[in-house]
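Comments concern the structure below.
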Amino acid sequence: MNDYLNHLNPEQKLAVEQIDGPMIVIAGAGSGKTRVLTYRIAHLIKNGVNPFNILSLTFTNKASREMRDRIQKIIGDNDAKNIWMGTFHSVFSKILRIESHYINYPKNYTIYDTEDSKSLTRSIIKELNLNKDFYKVNIIRSRISTMKNNFISPDEYVNNPEIVLQDKIAKRTKFIDIYKSYINRCIKYSAMDFDDLLINTYKLLNSFPEILLKYQRKFEYILIDEYQDTNHIQYLIIKKLAALNENICVVGDDAQSIYAFRGANIQNILNFQSDYPDFKSFKLEQNYRSTKSIVETANHLISFNKKQLQKKVWTNNSIGSSVVIHKCSSDNEEAKLVANTIFDLKIRDDFFNNDFCVLYRTNAQSRAIEEALRKKNINYKIYGGISFYQRKEIKDILAYFRVIVNQNDDESLKRIINYPSRGIGLTTLNRLSLKAIENNRSIWSIIKNIENIDININKGTKNKLIEFYELIQKFILMSQKCDAYTLANDIIHSSKIYTELHNDKTPEGVSRFENIQELLNGVKTFAEQSEDEVSLGNYLQEIALITDMDNENDNEADKITLMTIHAAKGLEFPNVFVVGIEENLFPSMLSLESEQDLEEERRLFYVAITRAMKNLFLSYSTFRFRWGQYIDCSESRFLNELDDKYVVRNEQEVHFSKPKFSFKKKSFPTTNRSLKSVKKIENHEAENYVGHKFSIGDRIEHQNFGKGSISNIEGFGSSTKACVNFDNFGEKTLLLKFAKLKLLNN
DNA sequence: ACCTCAAACATTTTT
DNA sequence: TGTTTGAGGT
């Protein structure tokens with residue numbers, strides 16, 4: 001009756017059969033980690049645990065869905081749908097919907113993504129009339145996020161001299177005002193950003209013991225995947241939830257921790273051991289995924305990291321082909337090489353496009369690869385960058401949805417009040433905003449009473465506002481009677497968005513129109529799939545936390561996958577290309593300052609390598625187009641950390657192309673443009689960098705690090721670096737071409 | 001109020 | 001390089 005356990009090896013079986021108590025599974029890459037989680041949940045259910053009492057947290061919603069399907073197959077009935085499964089954010093947002101009144105939020109609160117949160121920050125900076133040079137939106141936003149994640153409230157901020165000083169040095173003394181305003185605005189708009197979803201869940205469980213007990217009783221069994229990538233707040237929440245039953249199972253691999261920049265903390269693994277002294281520990285060390293060459297290459301690389309848990313990943317698989325390192329002359333050549341290799345391998349070994357994946361460090365690198373693949377007529381899909389729901393035209397429609405569901409959301413209202421344009425301009429909007437702030441009310445409520453409010457807006461504009469009010473009001477009334485699809489359809493038509501986009505026959509316009517159609521289809525599918533009455537609000541909740549990875553539309557099509565290494569976590573492909581393995585790109589220039597960051601980059605490379613099952617191709621180029629300039633690059637230090645025994649190098653800067661395909665090359669003329677630009681840049685460099693004005697001992701000033709003195713200068717041309725001893729930030733090595741150092745006299 | 005064009009800006013990774 | 005913001009004209 002337990003014959004499903006025969007699908008597991010002895011290591012895996014041990015972990016699956018452990019039912020009660022705290023346990024940690026350290027699982028090497030490709031060792032069947034997901035398999036263990038899936039079978040363990042099935043095993044729990046088979047042993048009488050009610051699916052309602054299981055909480056399973058994964059890294060993507062897609063992973064959840066796949067796991068649920070597999071559990072369903074193993075246990076053979078429909079119970080699996082009752083398991084609480086999803087990402088931290090989606091599960092917590094569900095809890096917050098249910099308990100929203102405890103934390104003074106309405107049930108239909110809006111979720112702000114990073115873009116929304118940025119634009120809120122931007123408008124606050126503008127309102128406070130602050131200098132954009134010192135108050136950069138991205139920096140301020142990420143600082144707000146850091147504060148929140150460390151539980152530093154505005155009050156605590158003021159009482160923390162060290163943090164206050166940091167902002168003083170960076171000339172951001174008004175940061176506290178932005179921070180306060182940001183928090184107040186979110187509350188006023190009934191909106192939560194990604195951080196709030198975690199923080200408010202923690203506050204909820206921390207302040208209301210009866211709620212905590214409710215969920216402790218509900219979640220008798222808790223399982224967490226990718227535990228190495230949980231952050232501190234997530235850890236605290238889980239600790240609370242698990243405190244009653246202590247049936248907690250975490251699975252992870254410290255060697256694959258790649259989200260420290262987002263607050264992920266390997267310390268969580270160590271904490272686990274002290275929080276639950278009687279924990280059981282399991283190790284999965286046999287790799288089933290990759291050839292011996294790939295496994296050993298990865299092992300050799302990761303041994304250069306000092307900080308790691310003891311683990312020896314091994315495999316019974318055959319040695320396979322050697323890992324190939326290619327040197328290329330430019331990013332475009334590199335891309336062509338990838339496309340040609342794919343073309344060749346497909347013919348020689350009968351691979352499908354689905355069997356290939358191209359990985360890179362930054363999203364911007366995808367362009368060259370895309371171009372080369374298009375020229376070869378190879379289909380590809382690309383993950384990351386702007387996802388479907390981030391597109392402008394989609395966000396515009398979603399802003400309508402949001403306002404209809406939650407009229408407090410001023411940010412969304414601002415977005416649609418003049419889209420499509422209805423003669424309500426910036427001046428009017430500014431006056432409305434001001435009035436709203438004065439009276440501490442939402443813009444919507446000002447518009448609602450526009451006729452009775454003393455405001456400097458002329459009669460004609462007032463009428464336009466009334467028209468707008470009536471339009472939205474109509475939608476609000478409809479939303480109480482209609483399903484989401486009917487309503488969405490009506491919104492797009494009666495707001496005139498449909499006509500406007502339909503009349504736009506430019507290629508971009510057509511694509512926008514198609515995207516709107518796709519959105520409508522999405523709403524329809526959602527409405528049909530769901531069992532209970534589907535409101536627009538439900539739909540918004542659902543999509544707020546969806547990412548590119550979660551879309552399964554493309555699953556049928558045979559396409560090559562392009563994505564960042566971060567996005568490739570948990571995936572595997574027969575053939576993997578990792579491109580752009582160069583100093584300052586991978587490892588990233590920003591990670592060179594500390595050993596910790598560098599080790600994270602190395603783990604990232606480890607993740608990239610271990611995605612491959614059969615063939616692994618690594619490449620770098622000596623010239624690359626970056627920031628609108630050609631930059632010369634050198635081979636990444638990581639390539640020297642690979643084991644020569646399993647690696648072959650192709651040092652010649654030749655194009656990968658067999659004689660039988662050489663006629664194809666005519667379709668890739670080397671662009672003259674690129675050569676011209678190179679010459680131009682060289683002259684440019686000669687002016688700017690060879691004869692730079694700095695010498696050892698000079699006092700300088702840096703935008704972020706303040707004042708300091710130069711202790712050393714090395715390199716030449718565009719790679720000239722200066723070692724600077726900063727008065728407040730210690731020693732740093734900076735590239736002169738990027739760091740805009742100001743020479744201080746005397 | 002709206003449109004158009006040029007200048008400025010930005011490049012790490014993401015739920 | 002590609003996108004976004006702001007100034008200036010209509």
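Only this structure's heavy atoms are used, side chains among them; waters, hydrogens and symmetry mates stay out. Proteins come first, then strands; the chains are lettered A, B, ... in the order of their sequence lines, and each starts at number 1.
- Distance from the side chain of Thr362(A) is smallest for dT12(B) among the nucleotides dT1(C), dT14(B), dT12(B).
- Take Ala255(A) and apply the side chain to side chain contact (heavy atoms under 4.5 Å, CB included) test, not counting sequence neighbours, and it matches Asp253(A), Ile302(A), Lys311(A), Tyr606(A).
- Partners of Thr201(A) according to the side chain to side chain contact (heavy atoms under 4.5 Å, CB included) rule, which considers only residues two or more places apart in sequence or in another chain, are Phe92(A), Leu96(A), Leu205(A), Ile237(A).
- Each salt bridge (Lys or Arg N to Asp or Glu O under 4.0 Å) pair with one or both residues in residues 411-427 of chain A, not counting sequence neighbours, appears once here: Asp396(A)-Arg415(A), Glu411(A)-Lys414(A).
- Remark: Arg367(A) is not in phosphate contact with dT1(C), judged by side-chain N or O atoms under 4.0 Å from OP1 or OP2.
- The phosphate of dT12(B) has neither OP1 nor OP2 within less than 4.0 Å of any side-chain N or O from Asn363(A).
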N/O-N/O pairs, protein side and nucleotides 4-8 of chain C side, under 3.5 Å:
unit_1	atom_1	unit_2	atom_2	d
dG6(C)	OP1	Lys132(A)	NZ	3.1

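- Two rings, from Phe605(A) and Phe304(A), have their centers 6.0 Å or more apart.
- Of all the residues in residues 86-93 of chain A, Thr87(A), His89(A) reach under 4.0 Å from DNA chain B with at least one non-hydrogen atom.
- Whole-Å rounding puts the Ile543(A) CD1 to dT15(B) P distance at 15 Å.
- Atom CG of Leu590(A) and atom C1' of dA10(B) are 13 Å apart (whole Å).
- For residues 226-236 of chain A, the set of pairs meeting the salt bridge (Lys or Arg N to Asp or Glu O under 4.0 Å) definition, not counting sequence neighbours, comprises Lys33(A)-Glu226(A), Glu226(A)-Lys569(A), Asp229(A)-Lys569(A).
- Remark: Ser591(A) is not in phosphate contact with dT12(B), judged by side-chain N or O atoms under 4.0 Å from OP1 or OP2.
- For His89(A), the ring pair (Phe, Tyr, Trp, His ring centres under 6.0 Å) test picks out Phe194(A), with sequence neighbours left out.
- Between the CZ atom of Phe625(A) and the C1' atom of dT11(B) there is a distance of 13 Å, given to the nearest Å.
- The distance between atom CG of Asn61(A) and atom C1' of dT14(B), rounded to the nearest whole Å, is 13 Å.
- Checked against side chain to side chain contact (heavy atoms under 4.5 Å, CB included), Thr428(A) has the following partners two or more places apart in sequence or in another chain: Ile424(A), Leu432(A), Ile457(A), Thr461(A), Leu465(A).
- With sequence neighbours excluded, the residues satisfying side chain to side chain contact (heavy atoms under 4.5 Å, CB included) with Glu635(A) are Tyr620(A), Leu639(A), Asn640(A), Arg649(A).
- Rounded to an integer number of Å, the gap from CZ of Phe605(A) to C1' of dT12(B) is 17 Å.
- Separation of the C1' atoms belonging to dT4(C) and dT13(B) is 23 Å when rounded to the nearest angstrom.
- The same atom, C1', is picked in dG6(C) and in dT11(B); the two are 22 Å apart, to the nearest Å.
- Distance alone, capped at 3.5 Å, places no donor-acceptor pair between the Ser588(A) side chain and the Leu585(A) backbone.
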Under-3.5 Å N/O pairs linking protein and nucleotides 1-3 of chain B:
unit_1	atom_1	unit_2	atom_2	d
dA1(B)	OP1	Gly425(A)	N	3.4
dA1(B)	OP1	Thr428(A)	OG1	3.0
dA1(B)	OP2	Thr427(A)	OG1	2.7
dC2(B)	OP1	Gly423(A)	N	3.3
dC2(B)	OP2	Asn418(A)	ND2	3.0

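- Not counting sequence neighbours, Phe401(A) has no partner by the ring pair (Phe, Tyr, Trp, His ring centres under 6.0 Å) test.
- For the 3.5 Å distance criterion, the side chains of Asn200(A) and Tyr105(A) fail to qualify, holding no donor opposite an acceptor.
- In this structure, Gln256(A) places its CD atom 20 Å from P of dT13(B), rounding to the nearest Å.
- Listed candidates were dT15(B), dT12(B), dT14(B). Nearest to the side chain of Tyr259(A) is dT14(B).
- Under the rule for a ring pair (Phe, Tyr, Trp, His ring centres under 6.0 Å), Phe468(A) has no partner lying at least two apart in sequence or in another chain.
- The distance from atom CD1 of Ile258(A) to atom C1' of dT14(B) is 10 Å, rounded to the nearest whole Å.
- Heavy-atom distances to DNA chain B give each of Asp195(A) and Asn138(A) a nearest nucleotide, and the one nearer the 5′ end belongs to Asn138(A).
- Summarising the geometry, the separation between CG on Leu359(A) and P on dT13(B) is reported as 14 Å, rounded to the nearest angstrom.
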